[in-house]
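Below is one structure, written out as structure tokens; comments come after it.
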Amino acid sequence: QVQLVESGGGLVQAGGSLRLSCAASGGTFSNFALGWFRQAPGQEREFVTAINWRGESTGYADSVKGRFTISRDNAKNTVYLQMNSLKAEDTAVYYCASRAALGLVPAYNYYRSSWYTYWGQGTQVTVSS
């Protein structure tokens, strides 16, 4: 059983930055693909970004390109989401998700919330305008 715990959320002014962390326990972290998703009130959960087991980003949502960066530290069993130039529309609960996924994975899988096996409880990010 894999447990994921997000942290780092909070209240920030527009234009500011936050770094989210997601610490994993259980399983073999270096084998995981990891994704960040977000859900704003009244909206569906949406893909933000993901990273494969080799540490390569698999893409970003258009709305966050150039502002957000995903990274991972296998020694710490942690994936990060650096968020810069935050906007009010980035306000949401941010979730990390994982799936053991070595080898070649069709790129579209990373964008699908249903593809991931484990989820964290989420961390709230609120950006004031």
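Because only heavy atoms are used, hydrogens play no part in the values below, and waters and symmetry mates are left out as well, while side chains stay in. Everything numeric here is computed off the predicted structure, so don't read it as measured data.
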Quiz item: Is any side-chain heavy atom of V79 closer than 4.5 Å to a side-chain heavy atom of L81?
Solution: no
Self-check item: From CA spacing to verdict: side-chain contact (heavy atoms from CB on, under 4.5 Å), V125, L18
Solution: CA-CA 9 Å; V125 171; L18 283 174; 3.9 Å; yes
Self-check item: Considering all heavy atoms, the nearest G120-Y95 contact
Solution: O-CD2, 3.6 Å
Exercise. Before giving the answer on ring pair (Phe, Tyr, Trp, His ring centres under 6.0 Å), spell out for W36 and Y94 the whole-Å C-alpha distance, their side-chain angles and the decisive distance to 0.1 Å.
Key: CA-CA 7 Å; W36 285 99; Y94 284 71; 7.3 Å; no
Quiz prompt | Heavy-atom side-chain contact between W119 and L4 under 4.5 Å | solution = no
Quiz prompt | Sidechain-backbone polar pair: E6 side chain, T123 backbone, donor-acceptor under 3.5 Å | solution = no
Exercise. Tell me yes or no: between the side chains of S17 and N84, is some donor less than 3.5 Å from an acceptor?
Key: yes
Quiz item: Are L86 and F68 close enough, and set up right, to give a side-chain contact (heavy atoms from CB on, under 4.5 Å), and what steps lead you there?
Solution: CA-CA 9 Å; L86 283 161; F68 290 12; 3.9 Å; yes
Practice problem: Determine, stepwise, if the pair V105 / N52 fulfils side-chain contact (heavy atoms from CB on, under 4.5 Å). | Solution: CA-CA 9 Å; V105 175; N52 63 19; over 6 Å; no
Quiz item: Do the rings of F47 and F37 sit parallel, tilted or perpendicular, given the 30° and 60° boundaries?
Solution: perpendicular
Quiz item: Which atom names give the shortest non-hydrogen contact between A40 and A92, and what distance separates them?
Solution: N-CB, 3.8 Å
Quiz prompt | Exercise: identify the closest heavy-atom pair between Y80 and K76 | solution = OH-CD, 3.8 Å
Exercise. Using atom types as modelled and distance alone, determine if a side-chain donor or acceptor of T91 lies under 3.5 Å from a backbone N or O of V127.
Key: yes
Quiz item: Under 6.0 Å from the CD atom of Q3, do we count more than 12 heavy atoms belonging to anything else shown?
Solution: no
Quiz item: Do you see a donor-acceptor pair shorter than 3.5 Å between the side chains of R19 and S7?
Solution: no
Quiz item: Between the main-chain N or O of S30 and the side-chain N or O of T28, is there a donor-acceptor pair closer than 3.5 Å?
Solution: no
Exercise. Taking Y118 for its side chain and C96 for its backbone only, find out whether a donor-acceptor pair lies under 3.5 Å.
Key: no
Quiz item: Does the distance from a Lys or Arg side-chain N to an Asp or Glu carboxylate O, for K87 and D90, drop under 4.0 Å?
Solution: no
Quiz item: Taking a hydrophobic cluster as the set of Ile, Leu, Val, Met, Phe, Trp and Tyr residues connected by side-chain heavy atoms closer than 4.5 Å, whether directly or through intermediates, do V12 and V64 fall within one such cluster?
Solution: yes
Quiz prompt | Taking every non-hydrogen atom, the tightest pair across S21 and T78 | solution = CB-CG2, 4.1 Å
Practice problem: Using the ring of W53 (Phe, Tyr or Trp, six-membered ring only), decide whether R72 places NZ or CZ under 6.0 Å from its centre and within 45 degrees of its axis. | Solution: no
Quiz prompt | R38 side chain to R45 backbone, donor-acceptor under 3.5 Å | solution = no
Quiz item: Judged by modelled atom types alone, do E56 and T58 share a side-chain donor-acceptor pair under 3.5 Å?
Solution: no
Quiz prompt | Residue pair A101 / W115: nearest heavy atoms and the distance that separates them | solution = CB-CH2, 3.7 Å
Quiz item: Does T49 use its side chain to pair, donor to acceptor, with the backbone of Y60 at less than 3.5 Å?
Solution: no
Exercise. Evaluate the side-chain proximity of F32 to V2: yes if any heavy-atom separation is below 4.5 Å, no if none is.
Key: yes
Self-check item: Rounded distance (nearest 0.5 Å) linking atom CG of N74 with atom CZ of R54
Solution: 13.0 Å
Quiz prompt | Closest non-hydrogen atom pair, L20 against M83 | solution = CG-CE, 3.7 Å
